[in-house]
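Please read the structure below before turning to the comments.
Below, read A as the first sequence line, B as the second, and so on, with proteins coming before strands; counting in each chain starts at 1. None of the values given here were measured: they were computed from a predicted structure. Hydrogens, waters and symmetry mates are skipped; everything else that's a heavy atom, side chains included, is used.
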There are 2 protein chains.
Amino acid sequence: MTNCEDVLVTSPKRRRDAAQTRQDLIDVARQRFAHDGYAATTVREIADQAGVNVALISRYFSSKEGLFEACLNGAFTDVRRGAEETSPGTEDFAARLARRLGDPASDDRMRTGLLLLIRTSGDERIDQMRGEFLRTMSEKMAAGAGHPVRAEGDLLRAQMLLAAIVGIVMLRNTAGMQPLGSAGADDLLEPVTDLVAALLPRV
Amino acid sequence: MTNCEDVLVTSPKRRRDAAQTRQDLIDVARQRFAHDGYAATTVREIADQAGVNVALISRYFSSKEGLFEACLNGAFTDVRRGAEETSPGTEDFAARLARRLGDPASDDRMRTGLLLLIRTSGDERIDQMRGEFLRTMSEKMAAGAGHPVRAEGDLLRAQMLLAAIVGIVMLRNTAGMQPLGSAGADDLLEPVTDLVAALLPRV
DNA sequence: TTGAGAAGTAAACGATTGCTGACTTATTAT
DNA sequence: ATAATAAGTCAGCAATCGTTTACTTCTCAA
């Protein structure tokens with residue numbers, strides 16, 4: 001839509017490397033799937049942007065859905081890792097969250113990973129995978145932020161915070177709403193702090 | 001995906017009524033577009049569910065994008081109306097917002113309207129329409145909730161609340177995350193109250 | 001150096017997409 | 001009752017989708 005230039009354009013001639021090509025395909029596909037959605041993304045677009053032939057997608061991932069599943073698994077790892085680095089319960093949780101949301105250069109993988117989490121392929125098994133991950137994710141969030149003995153609604157509040165984060169990333173990246181779309185980490189610090197404080201039980 | 005049974009199945013034989021058929025098509029299309037996205041929805045599905053022939057879509061809306069635009073305009077009105085009925089600044093804003101979010105029967109049009117707001121068709125003009133509407137919407141939100149003289153970041157906070165609402169609706173409806181997905185209005189009341197209080201300036 | 005297997009390409013396949021023009025059927029004014 | 005017109009259907013178009021098959025080209029061990 002906006003500036004989806006071929007970020008991953010490979011060097012004019014590169015040595016044949018199946019693992020590298022596979023990873024290139026995943027990287028390109030993740031961007032497109034996250035930004036445009038599953039159905040709107042074409043395997044030919046992905047292959048072209050990665051600089052390889054379309055047939056390799058079927059060869060390496062057996063289908064478009066297989067490629068999407070691979071992207072989703074990568075997104076799982078990225079989001080999980082990012083969430084562990086920025087764990088609730090620590091002192092400056094809100095500050096680091098604000099930096100992750102606002103700083104356009106830092107940790108773009110986690111943002112596209114978050115966007116991938118709300119994209120559907122139509123395959124029921126994949127949807128179930130995503131559901132499980134989302135639930136585990138929010139449980140960790142609630143556990144890391146709550147008291148040792150958790151209250152009843154803590155999980156609900158953690159899921160609402162997760163939903164808020166997803167919504168913010170989505171309105172920033174796909175809708176480009178201003179001024180939210182171009183707000184920096186420092187602009188986001190105060191409201192994000194209030195948001196976190198409101199939805200997560202005090203530590 | 002889940003239970004998309006033909007809600008709008010027309011009576012076995014109905015009198016020919018262009019206006020009614022047009023509206024049926026819009027109603028069906030809005031559901032599908034909001035739930036599955038633009039690209040994943042086919043015009044044949046829409047026509048079948050509405051009980052008419054595919055050609056009528058081209059006749060009444062000239063194209064699939066035209067139908068989507070009509071749906072989006074309808075969503076604008078619904079969301080705007082719903083936002084006016086549940087205006088911030090009033091005493092029980094959070095309570096009514098929680099009821100709108102949680103009560104599955106009440107005001108389904110506003111929820112699907114919200115989901116439509118984050119769906120893209122690829123058409124740049126439509127994206128611009130949506131952007132304008134979102135901006136106007138958040139401005140009204142900030143104006144209704146803020147002091148007469150608004151602070152600098154009020155608009156940003158209003159947009160973050162809007163993003164949070166969108167994220168909650170999305171995770172509830174498309175991802176079906178539990179327990180958020182099946183939380184009732186009373187379950188949502190407390191966290192929503194805290195959420196609103198955190199992001200909107202006190203009146 | 002060379003040949004066997006991997007890595008990548010080209011072209012086309014059946015299916016499906018959005019859309020259209022010719023057709024049929026129902027409604028209404030006279 | 002009947003012609004005129006609107007409402008709706010039908011069949012098929014051209015384009016594009018995901019996928020596959022047959023082929024070429026590169027790479028590296030023997």
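Helical stems in DNA chain D, defined as runs of 3 or more consecutive Watson-Crick or G-U wobble pairs with both donor-acceptor distances under 3.5 Å, are listed by first residue as C:1-30 with D:1-30.
With B/Thr77 contributing its side chain and B/Asn73 its backbone, the two residues share a donor-acceptor pair below 3.5 Å. No donor-acceptor pair under 3.5 Å is formed between the side chain of A/Gln49 and the backbone N or O of A/Val28.
Checked against side-chain hydrogen bond (donor to acceptor under 3.5 Å, both in side chains), A/Asp107 has the following partners two or more places apart in sequence or in another chain: A/Arg100.
Rounded to an integer number of Å, the gap from CD1 of B/Ile46 to C1' of D/dG8 is 18 Å. Counting to the nearest Å, the P atom of D/dA7 and the CZ atom of B/Phe61 are 13 Å from each other.
In summary, A/Arg99 and A/Asp103 do not engage in a salt bridge, as defined by a charged side-chain N under 4.0 Å from a carboxylate O. Between B/Arg157 and B/Asp154 there is no salt bridge, since no side-chain nitrogen of the basic residue lies less than 4.0 Å from a carboxylate oxygen of the acidic one. Ion pairing between A/Arg15 and A/Asp17 fails under the 4.0 Å rule for side-chain N and carboxylate O. Under the 4.0 Å criterion applied to side-chain N and carboxylate O atoms, B/Asp127 and B/Arg130 are assigned as salt-bridge partners.
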Summarise protein proximity over nucleotides 7-20 of chain C in one line of letters, 5' to 3': B for base, S for sugar-phosphate only, - for none, counting protein heavy atoms closer than 4.0 Å.
-> BBBB-B----BBBB

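Cation-pi contact between A/Lys64 and A/Tyr38: present, with separation from the ring centre below 6.0 Å and deviation from the ring axis of at most 45°.
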